[in-house]
Amino acid sequence: MRQHRIAAIPGDGIGQEVIAAGLEVLEVLAKRDGGFSLSVESFDWGSDYYKKHGVMMPADGRERLQGFDAIYFGAVGAPDVPDHVTLWGLRLAICQSFDQYANVRPARILPGIESPLRHATAANLDWVIVRENSEGEYAGQGGRSHRGFPEEVATEVSIFTRAGVTRIMKFAFEMARSRPRKLLTVVTKSNAQRYGLVMWDDIAAEVALQYPDVTWDKMLVDAMTMRMVLKPETLDTIVATNLHADILSDLAAALVGSLGIAPTANLNPERQFPSMFEPIHGSAFDIMGKGIANPLGTFWTATLMLDHLGEKTASLRLMRAIERVTADPKLHTPDLGGKATTRAVTDAMIAILRGDNT
Ligand code: IPM
Ligand code: MG
């Protein structure tokens, strides 16, 4: 029997609720499959931990995660702790120290979900956004001098390295090649940002030579927002810088019906370090504890984790179950305009998985 070691970090807010639901479903799925088991260890790191200990995770946190096959992460963010503290103290600390440089964000319209775009359907909106996840605008370079004085100055420097851009570009071309349409759109703002982003364009053209079977084009990020809305069918795989892809992926999540469904993988493709899997939605303190958080983003995230662990059959089975749940409006949580609870959606998933005899 294949055994996978999973570190669960539910974190803050609804992260607690959705990761609990995700682990329950994974447990049923593993039993149903029979070929693998998951050994899960949970870590109580996050904003409550910070309030007690002054840090988001212990000093040896990274070492403790190092031996796991994957990290299943809920969300961080609390109303009474500054966002940059929660973020840099846990989520970005993990992404950066485990060199999870490829962030993958699939976006497609699932059965039964209505897009705010009039003509969008499952057939013409099916994207994967590849986000550079280690440098760019999130490199953490910068500082503030003369604090509080009129002459105060702050810098926030974007870092683009040839190594960093080349590896994400290769990853994106590989992703495009693995999909039926073999179509990649490279997003920049290389008209205004003439150093780092012109280098992106140059490297895209160089890497493209190794992928003659992939059709690719370039878009400026502002025009890209219009193309996503007006011509969704012309896009398939999309690669962009850390910040640009952050923004485009929220737009994508809205266009496919709900941020509550959108999944993410933070990958270290070389598998030197564990990769981390999380729903995109965040801690959503406004609905915490009400039992109405949509767990589907966390379930979809689990399919990406299973793919990474090599459990393709289980991943497909889980995705099929998710699609059966979305197809039933009675199982829609409030973010999808319905009245279902986290519990009801989780129970429905479990019942479907138990009854799936394929
Ligand atoms: C995301 C989020 C984060 C990001 C926030 C919470 C800093 O928006 O995962 O897209 O920008 O990376
Ligand atoms: Mg975001």
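A quick note: this is a predicted structure, and the numbers were derived from the prediction, not measured. Every number for a ligand or one of its atoms is a count from 1 in the order of the listing. Atom set for the values below is all heavy atoms of this structure, side chains included, hydrogens, waters and symmetry mates excluded.
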Check D44, D12, D80 against K51 for a salt bridge (Lys or Arg N to Asp or Glu O under 4.0 Å) and give me the one that passes.
-> D80
Using modelled atom types only, decide if a donor and an acceptor are shared between the side chain of E132 and the backbone of S134 within a distance under 3.5 Å.
-> yes
Give the residue and atom name of whichever protein heavy atom lies nearest to atom 2 (C) of ligand 1, and the separation in Å to one decimal.
-> D246 OD1, 3.9 Å
Polar side chain donor-acceptor pair, E137 to T241, under 3.5 angstrom | yes
Please write down residue, atom name and distance for the protein heavy atom closest to atom 3 (C) of ligand 1.
-> R91 NH1, 4.0 Å
Centroid separation F277 to H308 less than 6.0 Å = yes
Protein contact of atom 11 (O) of ligand 1 - nearest heavy atom, named by residue and atom, plus distance | Y138 OH, 2.5 Å
Donor-acceptor side-chain pairing of E233 and H119 below 3.5 angstrom = no
Passes salt bridge (Lys or Arg N to Asp or Glu O under 4.0 Å), R167 versus D99? Steps please.
-> CA-CA 12 Å; R167 65 184 183 175; D99 205 16; 3.0 Å; yes
Indicate, as side chain, backbone, both or neither, the part of H281 found under 4.0 angstrom from ligand 1 when only non-hydrogen atoms are considered.
-> neither
Can you find a pair of side-chain heavy atoms, one from L304 and one from L267, that are under 4.5 Å apart?
-> no
Please confirm whether R131 comes within less than 3.5 Å of ligand 1 when only nitrogen or oxygen atoms on both sides are compared.
-> yes
Protein-side N, O or S atoms sitting under 2.8 Å from the Mg ion (ligand 2) are D246 OD1
Distance from atom 5 (C) of ligand 1 to nearest protein heavy atom, with residue and atom = L87 CD1, 4.2 Å
Atom 9 (O) of ligand 1 sits nearest the protein heavy atom R105 NH2, 2.8 Å
Partners passing ring-ring contact (aromatic ring centres under 6.0 Å, His included) against Y211 (at least two apart in sequence or in another chain) | F173
Among side-chain atoms of E311 and T313, is any donor-acceptor pair under 3.5 angstrom?
-> no
